[in-house]
Amino acid sequence: MKKVQDYEFWFVTGSQFLYGEETLRSVEKDAKEIVDKLNESKKLPYPVKFKLVATTAENITEVMKEVNYNDKVAGVITWMHTFSPAKNWIRGTELLQKPLLHLATQFLNHIPYDTIDFDYMNLNQSAHGDREYAFINARLRKNNKIISGYWGDEGIQKQIAKWMDVAVAYNESYGIKVVTFADKMRNVAVTDGDKIEAQIKFGWTVDYWGVADLVEEVNAVSDEDIDKKYEEMKNDYNFVEGQNSSEKFEHNTKYQIREYFGLKKFMDDRGYTAFTTNFEDLAGLEQLPGLAAQMLMAEGYGFAGEGDWKTAALDRLLKIMAHNKQTVFMEDYTLDLREGHEAILGSHMLEVDPGISSDKPRVEVHPLDIGGKADPARLVFTGREGDAMDVTISDFGNEYRMIGYAVEGHKAPKPTPHLPVAKQMWTPKMGLKNGATQWIHDGGGHHTVLTFNATETQFQDLATMFGLTFNDIK
Ligand code: MN
């Protein structure tokens, strides 16, 4: 996976001076124990760092300002061990520009009936302390995440883990740079959009570069690098020559490896982590990048075809959120409309991400009946089974909409020996008729990101962080 930087989350515990120094020491000790045990649980993808027992408006404001300026910190987790007067939190919470998780929990998961006295109750006031604090977040329309339950439970830790992944993706979103080689496909509507608004809303930088600049990098790749990679790839993929001569198969596959190295160097040298191509503009390239794009997607680069920079950026964003597990660029292609068999066959003209393959991908070389270029090498494989989410972003002029639904992924009921591309099948959970009707009604496009890793809750959280409503088709 193309790496993101190391992140951490800060843990801030609310209290006040009213209870005296001894109580505050207990609060600190308990908070540190929660943090240590959360880290030791190995359930969280990023470390949590205990920061302070917050007792005044000044120290709360100070820590939130530090969070904003420290690039290592992806977000804040707050918990009220005791009562913490929430007017103290107003300024700091208002200033906070990073994701906020209010963990409404309690140090012990039970009430110690045999020993409970009023000192114990004064120290363990989360039940009302968390309400006082939560009111001010609601009053400020902070739209923060709330997770309520015992911090030691595995289910709660998994919820925190999933939220952390969203928070890191949100932080990383402001650094996503997409390069579009050529513009988007002529006359196509849904893949177009306002790049300035996308940068304001999601932080995405979208730059056009002429194909000639890419051709220069592609032509500069050394034959030694290509030959070495060609041999290495025989471990990961089955090379299937088919009807091609050995010379043609090898040449066309090696040309894709040349494009892979050229694209990779072009992007790495300039800080891009996502890209688009367009079969309408390939001047100077022998083939539309197929295998090349697939190899880059496997490494975590975002991609979408036909100049669709929105989906390319979304692909990169969701790959970060999902640690590049089973999260891929996809396109609705062909339907099975028979009752009881309703399904969508998803694919692309070449560029299907092998991150969802359930068999060993085959390198094959076939003609591409569009674009008028040499026969491109591509990976052909079968997709997987399981729960997934299918999501897209559309530009409605005055707003961006993130549209998606839960789907059931499955394999084709029969082999498809004449289909020269990879495929994935799925059916919307609410049924194809209802799902497709609503998707089309809501203006969702044909390019999507399909993920077997990210959850519905994560999309709700992600949209909330961006100040959007997730258009969740049910
Ligand atoms: Mn397409």
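Positions are given from 1, in the same order as the sequence printed here. When a ligand or atom number is given, it counts from 1 through the structure's own listing order.
- To the nearest 0.5 Å, atom CD of residue Q438 and atom CG of residue D442 are 4.5 Å apart.
- Taking the ring centroids of F266 and F275, they lie at or beyond the 6.0 Å cut-off.
- Panel note: side chain T457, backbone T455; no donor-acceptor pair is recorded below 3.5 Å.
- Under 2.8 Å from the Mn ion (ligand 1), one finds the following protein N/O/S atoms: E306 OE1, E331 OE1, H348 NE2, H447 NE2.
- Cation-pi geometry between R316 and W204 is not met: the NZ or CZ atom fails to fall both under 6.0 Å from the ring centre and inside 45° of the normal.
- A salt bridge (charged side-chain N to carboxylate O under 4.0 Å, His left out) check over residues 460-469, counting only residues at least two apart or in different chains, returns the pairs K145-D461.
- Ring centroid separation for the pair Y230 and F239 comes in under the 6.0 Å cut-off.
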